[in-house]
Amino acid sequence: QVQLVESGGGLVQAGDSLTLSCAASGRTLTMYTMAWFRQAPGKEREFVTGISRSGASTYSADSVKGRFTISRDNAKNTVLLQMNSLKPEDTAVYYCAAEAGFLRVYDRADYSFWGQGTQVTVSS
(Lines give C-alpha, C1' and ligand atoms only; values in the text may rest on other atoms or scores of the structure.)
Protein backbone atom coordinates (compact mmCIF):
# COMPACT_ATOMS: atom_id res chain seq x y z
CA GLN A 1 0.00 0.00 0.00
CA VAL A 2 1.00 3.61 -0.36
CA GLN A 3 1.81 6.09 2.42
CA LEU A 4 1.11 9.78 1.81
CA VAL A 5 2.65 12.80 3.54
CA GLU A 6 1.50 16.34 2.85
CA SER A 7 3.57 19.45 3.39
CA GLY A 8 3.63 23.12 2.48
CA GLY A 9 0.70 24.46 4.47
CA GLY A 10 0.87 27.68 6.41
CA LEU A 11 -0.61 31.09 7.15
CA VAL A 12 -0.96 33.46 4.19
CA GLN A 13 -2.90 36.57 3.30
CA ALA A 14 -5.79 36.79 0.88
CA GLY A 15 -4.48 36.97 -2.67
CA ASP A 16 -1.28 35.08 -1.90
CA SER A 17 -0.14 31.82 -3.42
CA LEU A 18 0.88 28.57 -1.78
CA THR A 19 2.04 25.19 -3.05
CA LEU A 20 1.22 21.97 -1.24
CA SER A 21 3.16 18.80 -1.81
CA CYS A 22 2.13 15.18 -1.32
CA ALA A 23 5.00 12.73 -1.14
CA ALA A 24 4.25 9.04 -1.57
CA SER A 25 6.18 6.01 -0.44
CA GLY A 26 5.61 2.31 -0.51
CA ARG A 27 4.23 2.08 -4.04
CA THR A 28 4.74 3.92 -7.28
CA LEU A 29 2.20 6.66 -7.81
CA THR A 30 1.58 5.57 -11.39
CA MET A 31 -0.88 3.04 -9.97
CA TYR A 32 -3.08 5.69 -8.38
CA THR A 33 -5.57 8.35 -9.20
CA MET A 34 -4.65 11.22 -6.89
CA ALA A 35 -6.72 13.99 -5.38
CA TRP A 36 -6.77 16.79 -2.88
CA PHE A 37 -9.63 17.24 -0.45
CA ARG A 38 -10.09 19.82 2.27
CA GLN A 39 -12.00 20.10 5.49
CA ALA A 40 -12.87 23.35 7.21
CA PRO A 41 -13.93 23.45 10.88
CA GLY A 42 -17.47 22.19 11.30
CA LYS A 43 -17.77 21.13 7.67
CA GLU A 44 -17.52 17.88 5.77
CA ARG A 45 -14.42 16.97 3.86
CA GLU A 46 -14.86 18.19 0.28
CA PHE A 47 -13.26 17.46 -3.06
CA VAL A 48 -10.86 20.10 -4.35
CA THR A 49 -9.12 18.65 -7.37
CA GLY A 50 -7.98 15.34 -8.83
CA ILE A 51 -5.65 13.97 -11.47
CA SER A 52 -5.60 10.76 -13.48
CA ARG A 53 -2.83 8.19 -13.28
CA SER A 54 -1.07 9.52 -16.35
CA GLY A 55 -1.71 13.13 -15.52
CA ALA A 56 -3.56 13.64 -18.78
CA SER A 57 -6.86 14.50 -17.08
CA THR A 58 -7.60 16.81 -14.19
CA TYR A 59 -10.82 17.62 -12.38
CA SER A 60 -11.59 20.54 -10.11
CA ALA A 61 -14.35 21.82 -7.92
CA ASP A 62 -16.05 24.95 -9.23
CA SER A 63 -14.88 26.88 -6.19
CA VAL A 64 -11.21 26.52 -7.17
CA LYS A 65 -11.32 26.41 -10.97
CA GLY A 66 -8.93 28.93 -12.45
CA ARG A 67 -7.10 29.35 -9.13
CA PHE A 68 -5.83 25.89 -8.12
CA THR A 69 -3.78 23.53 -10.26
CA ILE A 70 -2.95 19.91 -9.53
CA SER A 71 0.06 18.22 -11.09
CA ARG A 72 2.02 15.05 -10.58
CA ASP A 73 5.58 13.94 -11.07
CA ASN A 74 5.46 10.18 -11.18
CA ALA A 75 9.23 9.93 -11.37
CA LYS A 76 9.46 11.73 -8.02
CA ASN A 77 6.35 10.07 -6.59
CA THR A 78 4.93 13.50 -5.80
CA VAL A 79 1.70 15.37 -6.36
CA LEU A 80 1.54 19.15 -6.12
CA LEU A 81 -1.30 21.57 -5.52
CA GLN A 82 -0.55 25.09 -6.69
CA MET A 83 -2.98 27.51 -5.08
CA ASN A 84 -3.23 31.07 -6.37
CA SER A 85 -5.45 33.99 -5.42
CA LEU A 86 -6.22 32.43 -2.08
CA LYS A 87 -9.35 33.49 -0.24
CA PRO A 88 -10.29 33.25 3.45
CA GLU A 89 -12.85 30.60 2.51
CA ASP A 90 -9.98 28.39 1.33
CA THR A 91 -8.94 27.99 4.97
CA ALA A 92 -8.99 24.28 5.81
CA VAL A 93 -6.93 21.21 6.45
CA TYR A 94 -5.88 19.87 3.05
CA TYR A 95 -5.59 16.13 2.52
CA CYS A 96 -3.93 14.14 -0.20
CA ALA A 97 -5.74 10.96 -1.28
CA ALA A 98 -4.94 8.01 -3.52
CA GLU A 99 -6.95 5.23 -5.10
CA ALA A 100 -5.80 2.41 -7.37
CA GLY A 101 -9.19 1.06 -8.37
CA PHE A 102 -12.21 2.35 -10.21
CA LEU A 103 -13.59 5.47 -8.57
CA ARG A 104 -15.59 8.64 -8.80
CA VAL A 105 -12.78 11.14 -8.54
CA TYR A 106 -14.83 13.66 -6.52
CA ASP A 107 -16.15 11.13 -3.96
CA ARG A 108 -14.07 10.88 -0.78
CA ALA A 109 -15.62 7.50 0.04
CA ASP A 110 -13.90 5.97 -3.00
CA TYR A 111 -10.36 6.70 -1.82
CA SER A 112 -8.46 4.07 0.14
CA PHE A 113 -5.37 5.99 1.18
CA TRP A 114 -5.05 9.35 2.91
CA GLY A 115 -2.35 11.58 4.28
CA GLN A 116 -2.49 13.22 7.69
CA GLY A 117 -3.33 16.65 6.30
CA THR A 118 -1.71 20.06 6.29
CA GLN A 119 -3.29 23.26 7.57
CA VAL A 120 -3.84 26.20 5.26
CA THR A 121 -5.03 29.44 6.82
CA VAL A 122 -5.86 32.48 4.71
CA SER A 123 -6.29 35.77 6.52
CA SER A 124 -8.35 38.62 5.13
* Asked: Hey, mind stepping through Met83 and Asp16 against side-chain contact (heavy atoms from CB on, under 4.5 Å) and telling me if it holds?
  -> CA-CA 8 Å; Met83 304 185 292; Asp16 285 352; over 6 Å; no
* To do: Begin with the C-alpha distance, continue with both residues' side-chain angles, and end with the deciding distance and a verdict on side chain to side chain donor-acceptor pair (under 3.5 Å) for Gln13 and Ser123.
  => CA-CA 5 Å; Gln13 293 186 334; Ser123 64; 4.9 Å; no
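Between atom CG of residue Leu18 and atom CD of residue Gln82 there is a gap of 8.0 Å, rounded to the nearest 0.5 Å. Taking CZ from Phe113 and CD from Gln3, the interatomic distance works out to 8.5 Å, rounded to the nearest 0.5 Å. The distance from the CG atom of Asn77 to the OH atom of Tyr32 is 9.5 Å, given to the nearest 0.5 Å. The distance from atom CG of Asn74 to atom OG of Ser54, rounded to the nearest 0.5 Å, is 8.5 Å. In this structure, Glu89 CD and Arg38 CZ are separated by 8.0 Å, a value rounded to the nearest 0.5 Å. Note: Thr69 OG1 to Leu80 CG = 10.5 Å, rounded to the nearest 0.5 Å.
Under 4.0 Å is where a charged nitrogen must lie from a carboxylate oxygen, and between Lys65 and Asp62 at least one such pair does.
Scanning both residues, Val2 and Ala98, for their nearest heavy atoms gives CG1-CB, 4.2 Å. Closest approach of Gln116 to Leu4, counting heavy atoms only: OE1-O, 3.8 Å. Minimum interatomic distance between Thr78 and Ser21 (heavy atoms only, all atoms of both residues): CG2-OG, 3.5 Å. Nearest approach of Thr118 to Glu6, heavy atoms of both residues: CG2-CB, 3.9 Å. Here the closest heavy-atom approach between residue Arg72 and residue Ser52 is recorded as NH1-O, 2.6 Å. Between Ala40 and Ala92, the closest heavy-atom pair is N-CB, 3.8 Å.
There is no path of hydrophobic side-chain contacts, each under 4.5 Å, that joins Val120 to Trp114. Linking Ile, Leu, Val, Met, Phe, Trp and Tyr residues whenever their side-chain heavy atoms come within less than 4.5 Å leaves Val64 and Tyr95 in two separate clusters. Taken together through direct or relayed side-chain contacts under 4.5 Å among Ile, Leu, Val, Met, Phe, Trp and Tyr, Leu103 and Val48 form parts of separate hydrophobic clusters. The hydrophobic cluster containing Met31 also contains Ile51, counting ILVMFWY residues as joined when their side-chain heavy atoms lie under 4.5 angstrom apart, directly or transitively. Under the 4.5 Å side-chain heavy-atom criterion for grouping Ile, Leu, Val, Met, Phe, Trp and Tyr, Phe47 is not connected to Met34 through any hydrophobic cluster.
The side-chain heavy atoms of Thr49 and Leu81, taken from C-beta on, include a pair separated by under 4.5 Å.
With sequence neighbours left out, Phe68 forms a ring pair (Phe, Tyr, Trp, His ring centres under 6.0 Å) with no residue at all.
At least one donor-acceptor pair under 3.5 Å links the side chain of Arg108 to the backbone N or O of Arg45.
Between Tyr111 and Phe37, the gap from one ring centroid to the other is short of 6.0 Å.
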